[in-house]
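In what follows, a single structure is set out as structure tokens and then discussed.
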Amino acid sequence: MKSEVDVVVVGAGVTGLTAATRLVKAGRSVVVLEARDRVGGRLWTDTVDGVRLELGGQWVSPDQSALLETIDELGLKTFSRYREGEGVYVGRDGVRRTFSGASFPVSARTEAEVDRLTAVLDDLAARMDPLNPWDMPGAAELDQVSFAAWLEGQTDDEEARDNIALYIGPAMLTKPAHAFSALSAVLMAASAGSFSNLVDADFILDKRVAGGLQQVPLMLAAALGDRVVTGSPVTSIAHDAEGATVTTATGQWRAKKVIVAVPPTLVSRIAFSPNLPPIQMQARQHTSFGLVIKLHITYATPFWRQAGLSGTAFSPYQVVHEAYDNTNHDETRGTLVGFVSDENADRLLALSDGERRAQILASLSAYYGEQALEPVAYYESQWMAEEWTAGAYATSFDIGGLTRYGATLREPVGPVSFGTSDVAGLGFQHVDGAIRIGRMLADAV
Ligand code: FDA
């Protein structure tokens with residue numbers, strides 16, 4: 001038997017739940033169909049070995065006004081990341097140096113080149129509307145060159161290039177800088193307000209939500225009640241001029257409109273009839289998830305604080321390219337969060353669990369000393385192994401794809417519309433972008 005609703009939402013991530021919440025407020029009947037047995041998608045707060053961990057997204061920055069509004073509406077509280085003391089940087093020469101402030105301890109020449117390139121990228125970002133990056137003057141040229149090649153054309157200082165590449169490649173798109181375009185790099189910067197914002201860890205990794213960021217989707221879903229149906233992967237959508245029939249293993253829903261709130265790479269798992277137009281199928285084949293292992297490593301105490309360190313660590317030359325103090329606001333133990341991205345992740349995922357752990361802890365000891373080798377708990381978030389995500393943090397275009405197909409990903413097909421954080425402008429690839437896109441999708445319906 002088919003149930004009838006005004007709108008079917010596919011996916012109970014933040015995008016889908018935001019859209020559904022707005023539609024219900026506007027008096028529409030809605031069902032949200034979610035493949036997993038839980039809601040939240042790429043937000044997942046869970047307790048592992050007695051430690052509450054943010055397995056997926058966690059940080060909120062001051063420019064993310066859509067997310068901050070939602071946090072406020074839900075009555076959630078935020079707290080600041082621990083940031084007293086010095087950061088650690090391991091340079092191209094392999095030497096470990098501590099630093100205060102935003103600039104890494106590099107040579108005066110490298111620092112000047114980093115500052116100059118930062119100004120160039122800030123200027124490019126200021127010229128871009130992140131919602132329509134393909135409209136920026138010079139967009140086609142920037143989209144046809146890899147970010148790595150673009151950087152080579154800008155400076156012969158390798159350490160400056162490696163650092164600028166780190167901020168956008170391993171740290172954000174989680175792809176090597178030769179695998180995405182300079183335009184995609186500018187989009188990442190423009191979506192955070194500027195490149196300067198993106199490289200300022202105190203800005204971009206400003207706040208966390210007490211109790212975990214997954215509370216946002218959990219609370220949205222709780223308010224929607226039995227309109228949210230988990231454990232129900234949508235397998236097919238048959239659409240016509242009047243509406244669509246959406247099928248899962250357990251049921252069928254007829255609706256006037258459907259919002260498919262899943263990453264573009266997962267749209268192809270749904271059989272559409274009639275099939276999606278060829279350009280829609282092409283467009284999604286030019287997007288892919290990045291690859292990152294998120295590490296959660298807990299110690300008996302936050303020992304780095306006693307050594308005058310904030311826990312913040314960076315290096316383009318270390319397996320763990322960045323790490324931070326991620327101790328919960330109510331914990332006495334100390335937890336570090338770290339990241340192994342793109343080609344380093346390829347290499348480490350090919351190792352046994354034990355060898356991978358040994359290499360990761362060795363990398364942390366290069367930043368924090370030998371105590372880093374003795375954690376009391378160790379966990380790796382492996383989103384690449386999750387059937388209903390298959391990568392992290394998000395999807396992005398291959399070289400040339402953004403100008404060629406970017407606009408297509410937000411075009412509806414008949415009664416079916418599409419969206420996720422990965423097609424947002426402001427807040428691109430972030431929870432803030434998911435909320436913005438969720439609102440846009442609901443308003444369009
Ligand atoms: P999302 O992928 O969350 O939701 C899509 C939902 O659709 C999923 O629940 C999925 O199961 C479901 N689905 C897929 N196919 C389906 C089908 N056929 N039928 C039914 N359901 C289907 N952001 C941030 O702001 N700050 C941060 O610190 C971080 N850090 C971070 C770390 C890690 C490790 C990850 C993986 C991600 C982040 N992010 C982040 C990114 C952030 O988590 C992400 O941008 C949003 O949560 C995406 O929300 P969406 O709803 O758009 O997609």
Side-chain angles (χ1 to χ4, degrees), residues 8-20 31-45 53-61 63-64 66-68 70-71 81 171-172 174 191-192 204-209 213-214 216-217 220-221 228-237 246-249 258-272 289-296 324 326 337 339-341 380-384 386-395 418-424 427-438 441:
V8 169
V9 176
V10 183
V14 173
T15 300
L17 292 168
T18 300
V31 66
V32 183
L33 302 174
E34 166 55 47
R36 290 176 160 100
D37 291 331
R38 60 167 184 86
V39 302
R42 281 172 270 172
L43 296 186
W44 189 8
T45 310
L53 301 178
E54 292 281 39
L55 303 180
Q58 64 171 71
W59 281 298
V60 186
S61 58
D63 59 318
Q64 295 179 334
L67 174 55
L68 288 165
T70 304
I71 287 172
R81 184 170 58 81
M172 285 286 160
T174 62
S191 72
I204 207 79
L205 314 180
D206 182 31
K207 296 269 193 259
R208 292 176 54 195
V209 167
L213 190 52
Q214 197 198 358
V216 168
L220 292 175
V228 180
V229 184
T230 54
S232 301
V234 168
T235 50
S236 69
I237 299 177
V246 179
T247 305
T248 70
V258 179
I259 293 175
V260 178
V262 311
T265 44
L266 294 180
V267 171
S268 61
R269 294 198 51 169
I270 302 172
F272 287 86
F289 260 101
L291 177 67
V292 66
I293 310 169
K294 182 173 181 181
L295 308 162
H296 315 265
Y324 306 91
N326 211 30
V337 63
F339 299 91
V340 178
S341 183
E380 299 172 0
S381 291
Q382 293 203 359
W383 287 85
M384 70 296 289
E386 290 268 323
E387 179 177 9
W388 297 106
T389 305
Y393 309 113
T395 58
F418 301 90
T420 175
S421 66
D422 311 5
V423 300
F428 166 63
Q429 294 208 346
H430 284 78
V431 180
D432 181 68
I435 293 172
R436 288 171 196 271
I437 287 291
L441 288 165

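When a ligand or atom number is given, it counts from 1 through the structure's own listing order.
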Any nitrogen or oxygen of Val14 lying under 3.5 Å from a nitrogen or oxygen in ligand 1? Just yes or no.
yes
Trp383 and ligand 1 - part of the residue with a heavy-atom distance under 4.0 Å:
side chain
Please determine if Trp59 has a nitrogen or oxygen closer than 3.5 Å to a nitrogen or oxygen of ligand 1.
yes
Regarding Lys294 and Gln58, do their side chains bring together a donor and an acceptor under 3.5 Å, going by distance alone?
yes
Please report whether ligand 1 has a polar contact with Gln429, defined as an N or O pair separated by less than 3.5 Å (distance criterion only).
yes
Give the contacting part of Leu266 toward ligand 1: side chain, backbone, both or neither, where contact means a heavy-atom distance below 4.0 Å.
side chain
Hey, is ligand 1 close enough to Glu34 that some N/O pair sits below 3.5 Å?
yes
For ligand 1, which part of Leu33 has a heavy atom less than 4.0 Å away: the side chain, the backbone, both, or neither?
backbone
Using distance alone, determine whether Ser421 and ligand 1 share an N or O pair under 3.5 Å.
yes
Relative to the heavy atoms of Val234, which atoms of ligand 1 are at a distance of less than 4.0 Å?
17 (C), 18 (N), 19 (N), 20 (C)
Nearest-contact summary for atom 39 (N) of ligand 1 - protein heavy atom, Å
Gly57 CA, 3.8 Å
Please state which protein non-hydrogen atom is closest to atom 5 (C) of ligand 1 and give its distance, to 0.1 Å?
Ala261 O, 3.5 Å
Purely on distance, is any nitrogen or oxygen of Ala392 under 3.5 Å from one on ligand 1?
no
With a 4.0 Å cut-off on heavy atoms, is Leu55 touching ligand 1?
yes
Verify, without hydrogens or angle tests, whether Arg208 (side chain) and Asn326 (backbone) share a donor-acceptor contact under 3.5 angstrom.
yes
So which protein heavy atom does atom 13 (N) of ligand 1 come closest to, and at what separation?
Val262 CG1, 3.6 Å
Quick one: look up the protein heavy atom nearest atom 24 (C) of ligand 1 and list residue, atom name and how far away it is.
His430 CD2, 3.4 Å
Starting from atom 33 (C) of ligand 1, find the nearest protein heavy-atom neighbour and note its residue, name and distance.
Tyr393 CD2, 3.3 Å
Name the closest protein heavy atom to atom 25 (O) of ligand 1, giving the residue it belongs to and the distance to 0.1 Å.
Val431 N, 3.0 Å
Min N/O separation Ala35 to ligand 1 under 3.5 Å:
yes
Would you say the side chain of Pro263 lies within less than 4.5 Å of the side chain of Thr389, judging by non-hydrogen atoms?
no
For atom 3 (O) of ligand 1, which protein heavy atom lies nearest, and how many Å away is it?
Arg42 N, 2.8 Å
Gln58 N/O to ligand 1 N/O under 3.5 Å
yes
With a cut-off of 4.0 Å, which atoms of ligand 1 are near a heavy atom of Arg36?
8 (C), 9 (O), 10 (C), 11 (O)
Give the atoms of ligand 1, by number and element, whose distance to some non-hydrogen atom of Gly11 is under 4.0 Å.
6 (C), 7 (O), 12 (C), 21 (N)
Quick check on contacts: which atoms of ligand 1 are under 4.0 angstrom from a heavy atom of Thr420?
50 (P), 52 (O), 53 (O)
Anything under 30° is parallel, anything over 60° is perpendicular, the rest tilted; go ahead and classify Phe339 against Tyr393.
perpendicular
